[in-house]
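Since the structure comes first, as structure tokens, the remarks are kept for the end.
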Amino acid sequence: MSLTGDAFFYTVVVTAVVAVGVTLVGWNRLRGPRAVRWLTRLSMIVCCQCAAVVSVAVWVNDANGLYTSWNDLLGRTQVPVVTAADTTVDAPVAFRDLGDRLVEADYQGPESGLTGEVLVWTPPQYAQAAHRDHRFPVIMLLHGVPGSPLAWVRGGRAPELLGALMRDGTLPPAILVMPRINPGSNTDCINVPGGAQTATWLARDVPRMINRHFRVRTDAKGWALAGDSTGGYCAAKLPLQYPKTFATGLALSPDDFHGDPAVIDDPVVRAANDPTQLAARGTAVSIMVATSTNDPSSSLANARALFEAARTPTRVAAPVILRDGGHNWGTWQAMYPTVFGWLGDNLRPSTGEPLMKQARTIAHENATYLCPSGMQCPGTR
């Protein structure tokens, strides 16, 4: 029975209801010594509570796409061994239609050797005859950990909300690509020496697959990364490491840029992947960080550090800081018009294209927006 299937969800809900019913009916019908009756009643209460907790946990998981399978939940995925043949041969890709122009495929990266699911959403223009020769920009959406590509569909409502921004001109019509950022194991999107080559999976394998199967732009300015939490850390890091693939990165409440010792224990590897150190080298990409004053997982100091570390030609926009909000989709969705408006400006080509001319510039003002002390906002360093 699938972890995210309707059958499993309804089974746990029915189990919870039955547990409550059995408790109500049997409460005063128990026989035996007093101690046995009280112990049985306590067990019935515990069963009801456990069933209710499991029901809520399954509902939250389904709503946010945290874990997509039993193996994912139990950490049973394994990192495949990369062979010489893997680096030259593309495995066949079969897309499953999920409806509403959303498809999914399990893809084995020929360079990294990693296998993970990739979700792809296409805008309405993609299927229109008038635009059959148009190549679309790509926004790659990176989920947090724990999480899955479905998190951007269920929790982030990306097809719905970003699609609306495309309709009003805030974003140019773009293809949304949602890959798994932790195939095999979580490495914070880092190529681990002797381990999972996750950066290669995200920056080379996934773009390679998208280029083969969809009409997309091939220039780096036509590719942007956006991520939340761990995905936000990756969205800030990868453009600085792969500027020929991604020219823009948007980090929503990113993890600490200095890295997580619990994920990568080697301080040298963490330092080599620190976005603040990478930005100080001067790479021609654009980065924005957005968080809130109350987010315990993504501090203002973290956002400020990247802004202050950047050196030309790296362009780091002044951070977007919300006065209220936590580490959750409600906070990030409140940022969408502002931060994806910035991202959309970076995705537009320098030369006029027929489809892009239909987009109109709309200014969005977030009522809870504020600037860190000592910074001029909005602006770019």
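For this chain, numbers begin at 1 and follow the sequence in order.
- With rounding to the nearest 0.5 Å, the separation of CG in Asp345 from CZ in Phe340 is 13.5 Å.
- When all heavy atoms are compared, the tightest approach of Thr293 to Asp324 is OG1-N, 4.4 Å.
- Take Asp260 and apply the salt bridge (Lys or Arg N to Asp or Glu O under 4.0 Å) test, not counting sequence neighbours, and it matches no residue.
- Taking the six-membered ring for Trp and the full ring otherwise, the centers of Tyr107 and Phe95 sit at least 6.0 Å from each other.
- Leu161 and Leu176 fall within the same hydrophobic cluster, where Ile, Leu, Val, Met, Phe, Trp and Tyr residues are linked whenever their side-chain heavy atoms come under 4.5 Å apart, directly or through other members.
- One N or O on the side chain of Asn191 and one on the backbone of Thr200 form a donor-acceptor pair closer than 3.5 Å.
- No donor-acceptor pair under 3.5 Å is formed between the side chain of Glu308 and the backbone N or O of Leu306.
- Taken to the nearest 0.5 Å, the OG atom of Ser112 stands 8.0 Å off from the CD atom of Gln197.
- Taking the charged nitrogens against the carboxylate oxygens, Lys237 and Asp188 have no contact shorter than 4.0 Å, which rules out a salt bridge.
- Nearest heavy atom pair, residue His131 against residue Gln125, reads CB-O, 3.5 Å.
- Looking at heavy atoms from C-beta onward, Arg208 lies out of side-chain contact with Thr245 at the 4.5 angstrom threshold.
- When only modelled atom types and interatomic distance are considered, His327 and Ser229 share a side-chain donor-acceptor pair under 3.5 Å.
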Val118 and Val93: CA distance, side-chain angles, deciding distance, side-chain contact (heavy atoms from CB on, under 4.5 Å) verdict: CA-CA 10 Å; Val118 181; Val93 179; over 6 Å; no
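- Under the 4.5 Å side-chain contact rule for hydrophobic residues, Trp27 and Val22 do not share a cluster.
- Phe257 has its side chain within reach of Val289: a pair of non-hydrogen atoms, C-beta onward, lies under 4.5 Å apart.
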Criterion side-chain contact (heavy atoms from CB on, under 4.5 Å) on Val153 and Leu102, from CA distance to verdict: CA-CA 9 Å; Val153 176; Leu102 182 70; 4.1 Å; yes
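- Considering only heavy atoms from C-beta on, Val320 comes within 4.5 Å of Met288 through its side chain.
- At least one test fails for Arg204 against the ring of Tyr242: distance under 6.0 Å to the centre or angle within 45° of the axis.
- When atom types are taken as modelled, the side chain of Thr276 and the backbone of Ala309 share no donor-acceptor pair closer than 3.5 angstrom.
- Contact record, Pro179 with Met140: CD-CG, 3.7 Å, taken as the closest heavy-atom pair.
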side-chain contact (heavy atoms from CB on, under 4.5 Å) evaluation trace for Leu347 with Lys221: CA-CA 6 Å; Leu347 273 183; Lys221 187 174 174 58; over 6 Å; no
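- Residues Leu119 and Val177 fail the side-chain proximity criterion, which asks for heavy atoms closer than 4.5 Å.
- For the pair Gln333 and Arg157, the minimum side-chain heavy-atom distance is below 4.5 Å.
- A side-chain N or O of Trp332 and one of Ser253 form a donor-acceptor pair less than 3.5 Å apart.
- If you take CZ on Phe214 and CZ on Phe136, they are separated by 12.0 Å, rounding to the nearest 0.5 Å.
- Between the side chain of Asp255 and the backbone N or O of Tyr233, no donor-acceptor pair lies under 3.5 Å.
- Put simply, CG on Asp256 and OG1 on Thr230 are 11.5 Å apart, with the number rounded to the nearest 0.5 Å.
- Judged purely by atom type and a 3.5 angstrom limit, Asn346 uses its side chain to pair as donor or acceptor with the backbone of Trp342.
- Using modelled atom types, one finds no donor on one side chain facing an acceptor on the other under 3.5 Å when comparing Arg304 with Asn302.
- Side chain of Arg101 to main chain of Thr122: a donor-acceptor pair is present (N/O by atom type, distance under 3.5 Å, no hydrogens or angles).
- Between Thr283 and Pro313, the closest side-chain pair of non-hydrogen atoms is not below 4.5 Å.
- Of all non-hydrogen atoms in Arg180 and Ser148, the two that sit nearest each other are NH2-CB, 3.4 Å.
- Annotation for Ile287 and Ala236: closest pair CD1-O, 3.9 Å, computed over non-hydrogen atoms.
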Val20/Val18 under side-chain contact (heavy atoms from CB on, under 4.5 Å): CA gap, chis, key distance, verdict: CA-CA 5 Å; Val20 172; Val18 170; over 6 Å; no
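- A donor-acceptor pair under 3.5 Å links the side-chain atoms of Ser43 to the main chain of Leu39, judged by distance alone.
- Under 4.0 Å is where a charged nitrogen must lie from a carboxylate oxygen, and between Arg217 and Asp219 at least one such pair does.
- Side-chain contact between Leu250 and Ile139 is absent, with no heavy-atom pair separated by less than 4.5 Å.
- The shortest heavy-atom contact between Phe246 and Leu202 is CZ-O, 3.8 Å.
- Linking Ile, Leu, Val, Met, Phe, Trp and Tyr whenever their side-chain heavy atoms come within less than 4.5 Å leaves Leu24 and Val14 in two separate clusters.
- A ring-centre distance under 6.0 Å is found for Trp152 and Trp329.
- Judged purely by distance below 3.5 Å, without hydrogens or angles, the side chains of Gln241 and Asn273 pair a donor atom with an acceptor atom.
- Side-chain atoms of Ser298 come within 3.5 Å of backbone N or O of Pro254 as a donor-acceptor pair.
- Judged purely by atom type and a 3.5 angstrom limit, Glu104 has no side-chain atom pairing as donor or acceptor with the backbone of Glu117.
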Worked verdict on Thr187 versus Thr198 for side-chain hydrogen bond (donor to acceptor under 3.5 Å, both in side chains): CA-CA 7 Å; Thr187 71; Thr198 315; 2.7 Å; yes
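- Although no hydrogens or angles enter the test, the distance criterion places no donor-acceptor pair under 3.5 Å between the side chain of Arg281 and the main chain of Leu278.
- A donor-acceptor contact closer than 3.5 angstrom is absent between the side chains of Ser292 and Thr331.
- Side chains of Thr291 and Leu322 form no contact here, defined as non-hydrogen atoms less than 4.5 Å apart.
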